[in-house]
Amino acid sequence: MIVCIAVVGHQNNPLYLQSFTEADDALKLHHIVHCSLDVIDERVNNPKKTGSTLNETYLGLLYPTENYKVYGYLTNTKVKFILVTTHLDVRDADVRNFFRRFHSAYVDAVSNPFHVPGKKITSQTFAERVSTIVKSFGLSSAV
Amino acid sequence: MAPPAPRTGDAVFANVERVNAELFTLTYGAIVRQLLTDLEEVEEVNKQLDQMGYNIGIRLIDEFLTKSNISRCVDFKETAEVIAKAGFKMFLGVTASVTNWDADGTSCSLVLEDNPLVDFVELPDTCQGLYYCNILSGVIRGALEMTRAWCCMDKFHSAFWCCFKACISPEPNFWCTHQGMCLVRLATHPR
């Protein structure tokens with residue numbers, strides 16, 4: 001169950017933040033997202049020497065907390081996507097697939113000539129596409 | 001009698017040079033954004049887009065007539081069909097449909113279901129009233145004005161069936177809805 005997704009710009013400014021739970025611990029989720037930015041910076045600045053290529057976009061599981069798992073994805077323009085999900089048997093392939101579709105939606109939103117790069121994404125279409133992707137993530141992992 | 005020249009732009013479209021659709025969309029978006037930044041008034045931008053389209057249209061019409069080999073249209077209905085099917089197909093790669101004819105047959109709507117100019121575009125609230133695709137309306141206006149000039153010449157040579165003795169109403173309505181459909185309203189005023 002996806003709890004929260006976030007898009008963070010290359011200066012660590014938030015571009016899009018959406019939670020998918022009714023619980024009122026939204027602040028806690030934002031805090032988790034914020035912490036995960038540090039983990040991403042660490043990963044980016046100290047690439048593991050085990051043969052991972054330099055242009056790896058999918059960062060994988062960033063860190064597990066007591067209730068949530070946090071996955072990261074880094075685009076070539078240093079924009080970060082962060083996915084917070086509750087403990088389930090989440091397959092790696094599903095998360096990669098999710099990020100791929102999310103990246104595609106993000107690119108379409110950013111291609112809008114009225115979107116200012118560096119400002120928040122206010123596109124309704126983007127929000128709808130994201131909720132569709134989030135819903136189908138839950139379904140596909142149940143198979 | 002030779003069969004009439006085909007009224008669709010498919011054959012021509014297959015032979016013309018192409019450009020990447022996303023480059024085209026992004027370039028047009030950049031133009032509109034820059035006009036908004038420079039002129040600030042939505043009405044001014046609409047007028048400017050129309051003028052730009054007009055300048056394109058007066059040049060485009062020759063290319064269209066030579067490459068497409070379309071025979072003369074006998075009335076306005078045929079003209080609208082040719083614009084919708086052959087003209088748009090040749091230059092944008094999509095066809096429009098002609099609907100909403102009024103009682104006299106002098107005014108119709110061209111509807112573009114799938115408009116490459118508006119991919120990815122969402123108008124913000126500050127720009128309501130912007131006719132995003134107004135350049136297309138200017139192009140049609142420019143192109144049709146040039147053919148009228150041509151068919152007036154023809155009238156001198158006593159081929160009395162002109163395309164149409166018309167002037168296009170100066171305010172074809174062209175707007176872009178959030179779903180990306182475009183409509184243009186053409187009206188002729190027979191003199």
Side-chain angles (χ1 to χ4, degrees), chain A residues 4-11 13-20 55 57 73-83 97-137, chain B residues 19-46 48-50 52-53 92-94 112-136 174-182:
Chain A
C4 171
I5 44 169
V7 179
V8 180
H10 65 101
Q11 285 160 344
N13 46 325
L15 295 177
Y16 185 77
L17 199 54
Q18 180 70 45
S19 1
F20 295 99
N55 58 351
T57 48
Y73 182 96
L74 183 68
T75 70
N76 299 69
T77 48
K78 300 282 186 265
V79 173
K80 306 158 186 110
F81 301 152
I82 302 188
L83 168 70
N97 196 20
F98 172 87
F99 275 130
R100 204 170 30 83
R101 293 164 73 186
F102 189 73
H103 193 178
S104 173
Y106 169 75
V107 163
D108 286 347
V110 162
S111 303
N112 180 8
F114 294 104
H115 169 257
V116 180
K119 291 275 168 75
K120 299 208 173 192
I121 299 176
T122 53
S123 153
Q124 269 304 101
T125 325
F126 178 67
E128 283 164 17
R129 276 178 81 173
V130 163
S131 41
T132 317
I133 299 174
V134 165
K135 288 201 185 75
S136 67
F137 176 80
Chain B
V19 74
N20 181 302
E22 281 193 19
L23 176 64
F24 178 60
T25 306
L26 290 173
T27 305
Y28 185 69
I31 291 176
V32 176
R33 274 293 270 135
Q34 194 58 44
L35 282 174
L36 275 168
T37 314
D38 292 340
L39 300 173
E40 285 172 16
E41 286 279 311
V42 162
E43 275 313 311
E44 280 301 314
V45 175
N46 290 341
Q48 193 69 4
L49 284 174
D50 183 74
M52 284 164 63
L92 285 182
V94 293
L112 277 161
E113 300 278 336
D114 173 27
N115 186 353
L117 288 177
V118 307
D119 285 341
F120 318 129
V121 175
E122 285 179 46
L123 289 182
D125 295 327
T126 50
C127 297
Q128 298 302 324
L130 175 69
Y131 295 159
Y132 188 82
C133 307
N134 217 23
I135 206 168
L136 293 179
F174 219 129
W175 65 92
C176 168
T177 67
H178 284 271
Q179 287 79 30
M181 279 189 5
C182 280

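Keep in mind that the numbers below use all heavy atoms, side chains included, and drop hydrogens, waters and symmetry copies. Per chain, numbering begins at 1; letters A, B, ... match sequence-line order.
Here the shortest heavy-atom pairing between Ser111(A) and Leu26(B) reads O-CD2, 3.6 Å. Considering all non-hydrogen atoms of both residues, Gln124(A) and Glu122(B) come closest at N-OE1, 3.3 Å.
The shortest distance between side-chain heavy atoms of Phe114(A) and Tyr132(B) falls below 4.5 Å.
Note: Asn112(A) leads Asn112(A), Val107(A), Thr122(A) in heavy-atom pairs under 4.5 Å with chain B.
Checked against Pro113(A) for a side chain to side chain contact (heavy atoms under 4.5 Å, CB included), the options Val32(B), Ile31(B), Val121(B) give a single hit: Val121(B).
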